[in-house]
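To start, the structure under review is shown below, and the notes come after it.
The chains referred to below are lettered A, B, ... by the order of the sequence lines, with proteins before strands, and numbering in each begins at 1.
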Amino acid sequence: MGTAISGSSRPTASRPGSRSRALGPGAANPVCVEGPMSRYNPAEIEPAWQKYWDEQGTFHVTEDPAKPKFYALCMFPYPSGSGLHVGHPESYTAIDIVARHKRMTGHAVLNPIGFDSFGLPAERAAQKENRHPATITRERIAYFREQLQKMGFSFNWEREVSTCEADYYHWTQWIFLKLHEQGLAYLAEVPVNWCPAQGTVLANEEVVDGRYVETGDPVERRNMKQWMLKITVYAQRLLDDLDGLDWPEGVLEMQRQWIGRSEGAQVRFEVEGKGAFEVYTTRPDTLFGATYCVLAPEHALVSTLTTAEQQAEVETYIAAAKNKSDMERQVAADKEKTGVFTGSYATNPVNGEQVPVWVADYVLITYGTGAIMAVPAHDERDHAFASKFGLEIRPVYDEGKGHDYQAAAWAGDGAAVNSGAFDGMAMAEFKAAIIDHLEEKGLGERKVNFKLRDWLFSRQRYWGEPFPIVHTEDGGIHPVPAEQLPVALPHVDAYKPTADGEPPLARATDWLHTTFEGQPALRETNTMPQWAGSCWYYLRYMDPHNTELPFGQEAVSFWNQVDLYIGGVEHAVLHLLYARFWHKVLYDCGLVPTKEPFQRLFNQGMILAYAYREQSGKYHHPDGVVRRKGDMSTITSAWNQQPVETDWYGADGTPVEEKLGKMGKSLNNSVDPLEIVAKYGADTLRIYEMFMGPLEQVKPWQTAGCEGVHRFLSRAWRLFIDEETGEPRPFGTTSKPVRKALHVAINEATEGIEALKFNTPISKMMEFVNACRGNTPAREEAEAFALILSPWAPHLAEELWKRWGHTTTLSYEPWPAFDASALVEDTITLVIQVMGKVRAKLEVPKDIGKDEALALAKADPTVAKWIDGKTIRKEIFVPGRLVNIVAT
RNA sequence: GCCCGGGUGGUGAAAUGGUAGACACGGGGGCCUUAAAAGCCUCUUCCCUACGGGGAGUGCCGGUUCGAAUCCGGCCCCGGGCUCCA
């Protein structure tokens, strides 16, 4: 934030940390310049229409069985302290265009908005400012709401939800009780990142090199009692039901990989006199090549298997692994594998060989059985490990090309060798045969495994939903009865853990101590993660004021499921997977009619912005930066310390280099949408957001690009409104080129909205205005134009509609019909190619035949020159398009 | 390393087997104006030109085709994500 905004455009809501300065000379406000009284003035018409829509309840929607329904949803925002930047309205604008179009095609449209308002940043702000996070959050929401309302989105504001309010989290808790009732919630000891100095648990991204990134305090892994949700029970269904969804292929693929189904076998390895462990493998066909085994450091059998001589080394290794985060373990092991020998040997069940058992952190306790059989000849990771520690590498497949197994692993198919009775088999046959063999002998069994793990569902934080759970002294864990909900967040004296490391809620001693069926009891002091509220908000929107249930059956049977969901690809896995999981649980409880929550999903591309950095590392806001062409300076790049030439200069004349990056505080390149609204109007902002390029594409914001869009809207205004009087210009008569341009635009808009391509329709609407060349078209054409423009630029369209004498909103007018006959011309431009190169263009009747076209082509002097003296080998004729003469 | 996106003028882009650069931004020239702003007209991929044209060109190399930005194979670069999943 901290972007330049003119004083007059200051939003009324207070916004912490903001500043303002006067607009520079180059940033004249076209809205305020002198001129005719009735020029296009969004500052006047936009608030008026926003007021009208609000007062008239234009977009209020009810469950009307006479209409088909459409549920359009954008991912709701987290109300951060810095407000929305111009990247956010991209998906809201796209959804709004679809919603407005669907109303015009007779649908009952649900297009709600709300706020994902629990979460860590507000808690941090509360600690710093010593204010209640609810107060801070509500202030932030007020500014977000103002920003959204000034962009003219047709949201169902009467359905707004905020996940941190008791009337919402009441029902989040209610759904948790359902999960608990279904046996899907349980307590488990789970390792967390514990920071003793802060007395708190940290998220993975807050820990780097074993230290808290903010303070540098050391972090250790510590087991804590945590609530878990059994999402793994749903793994197969979460995988199977992806098939019917209209989602981007990339997102489906990421979900499939995250769920990570694999088929293989679980095999038992005996250690003489010390017991046995099981390994999971997808390659039971390589069992004869298993030359050692590896246990995860956390595996229960490690201490039993460690011999006296190896004990010191193993213990040191385990201690080191324990304090590394999963991420660190991965990064370190990518560079070089580590591990230690336990001193014990296990029996390979298929050939009776004794193989050494090692401990290494490249084996994860959380996957499979936490133990593996290692086949270095056929697995890269095992190969790297075996090479480092001098373990045997024994191939069990001959791939037929003399592969050097000592140099590298090879995981492909071939003919089995060194595998006793199985020699000669190919992979598929071998797999089936050896699993049968293992099952017959009782050495193992067929097994399906998933990468997906149960969901760690508790946080040691204040600003989240309290669990509706009490603990009695006898160790009993009891759900709070549904009629006693909500369990309200208590007030606490500080938003940090207690002195003995209990979560912040433990500070509320009056709240903490309660009774359960007459016995003294303590309330659960963990809170739910931020995902909880966003797992079901799309259902609450269907029936947001229900005080008896999270949502009523009547509402949910009408709205059914979300028809179109637009949001960032960063939520491709977790949010979407968690919401799908809860939805399936609710489905199993008979509370929702569909197996899946979101039928169609679309990811908008991130909007980037140029950032300008001087060699000291300081960022200059793009507003003050200018390019002085030809005036090059050489500076040391703050990005890579290399000398770099630049002709960009900050407002103070300092040379700066340009780089594209995420819009945000850290690069000092955010742009507040209200700044653009003040300068150009909401309609310009909306259209520019869409005009920048395809919705799914990552693209850079350039405020200057708004100029062209604003000019287009001004030109459209002038086309229909007399700028001196403000009266509508008299309508003209229709003409062929204008009618054609209109129907091209109607077609492009109609198809574009369906395909979520919102950029090219704008070009076609610009072409329509250009085609009119200042001559007002016929009334029918003008009105059709306003109607197709209205999803993109609703304020301008409404204003024109009103000035043409209509007395109600155009939001429910029928969408204009496309007439293909308007596009038909009598003649076409026929392209004449010789050897694939364009040599001439001829104006010919549209239905010209091949013979006639070729005759005309050959008669053209330029064409004649190119085929003169050559033999014609082939003649291509594409009706209505081109002729290609192949001559050599 | 693996997975997912993406490379087209000075810039954002359009064209998904048939005229590469629509529509805009920026820039040049002109009109209007006492002047400026706004507006309007016009040029604007690069190179050559005897001004008629000609040649090259969609990250690089190759292929298929009468014809490729578009389809196929190989490579390079950029952005995002990642749980060594046995």
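Using a cut-off of 4.0 Å between Lys/Arg side-chain N and Asp/Glu carboxylate O, A/E445 and A/K447 are scored as not salt-bridged.
Here A/R256 lies out of heavy-atom contact (under 4.0 Å) with every strand. Counting any heavy atom pair closer than 4.0 Å across all strands shown, A/S714 reaches no nucleic acid atom. No engagement by A/R873 is indicated, since no non-hydrogen atom pair under 4.0 Å with the nucleic acid exists. Across all strands shown, A/W866 has heavy atoms under 4.0 Å from sugar-phosphate atoms exclusively, and none from any base. At the heavy-atom level, A/R261 lies nowhere under 4.0 Å from the strands shown.
Syn is the glycosidic conformation of B/rG52, whose angle stays within 90° of 0. Classification of B/rG55 as anti follows from a glycosidic angle more than 90° from 0.
Relative to the ring axis of A/F877, A/K850 does not place its NZ or CZ within 45° and under 6.0 Å from the centre.
Taking atom P in both B/rU70 and B/rG18, one finds a spacing of 12 Å when rounded to whole Å.
Taking the six-membered ring wherever Trp is involved, the centroid distance between the rings of A/W701 and A/Y688 falls below 6.0 Å. A/F389 has its ring centre no less than 6.0 Å from the ring centre of A/Y292.
Residues A/S262 and A/Y367 bring a donor and an acceptor atom of their side chains to less than 3.5 Å of each other. Checked by atom type, the side-chain pair A/Y317/A/D361 shows a donor-acceptor distance below 3.5 Å. In the model, A/D285 has a side-chain atom that pairs as donor or acceptor with a side-chain atom of A/Y397 under 3.5 Å. A/R729 and A/T776 share no side-chain donor-acceptor pair at under 3.5 Å.
Here B/rC3 presents its P atom at 11 Å from NZ of A/K451, a figure rounded to the nearest Å. Residue A/M765 contributes atom CE, which lies 13 Å from atom P of B/rA24 at whole-angstrom precision. Computed from coordinates, the A/M835 CE to B/rG55 C1' distance equals 16 Å when rounded to whole Å. Distance NE2 (A/H383) to P (B/rG1): 18 Å, rounded to an integer number of Å. The distance from atom CG of A/D860 to atom P of B/rG52 is 17 Å, rounded to the nearest whole Å. For A/Q604 and B/rC4, the CD to P distance is 21 Å, given to the nearest whole Å. Straight-line distance from the OH atom of A/Y610 to the C1' atom of B/rC78: 13 Å, rounded to whole Å.
Take the nearest nucleotide of RNA chain B for A/V573 and for A/R718: the residue whose nucleotide is more 5' is A/R718. Each of A/Y280 and A/G708 was assigned the nucleotide of RNA chain B with the nearest heavy atom; the assignment lying further toward the 5' end belongs to A/G708.
Of the candidates B/rG12, B/rA86, B/rG26, B/rG26 carries the atom nearest the A/E707 side chain, counting heavy atoms from C-beta on.
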- Indicate for each nucleotide in nucleotides 14-23 of chain B, in 5' to 3' sequence, whether protein heavy atoms under 4.0 Å reach the base (B), only the sugar-phosphate (S), or nothing (-). S---BB--BB
- In dot-bracket, 5' to 3', how would RNA chain B read with Watson-Crick or G-U wobble pairs under 3.5 Å, [ ] for crossing ones and | for pairs to another strand? (((((((..(((.....[....)))((((((.......))))))((((....))))..(((((..]....))))))))))))....
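Counting heavy atoms from C-beta on, the side chains of A/K846 and A/E825 never come closer than 4.5 Å.
Remark: A/M373 CE to A/D382 CG distance equals 8.5 Å, nearest 0.5 Å.
Phosphate proximity of B/rC25 to A/R711: present, with a side-chain N or O under 4.0 Å from OP1 or OP2.
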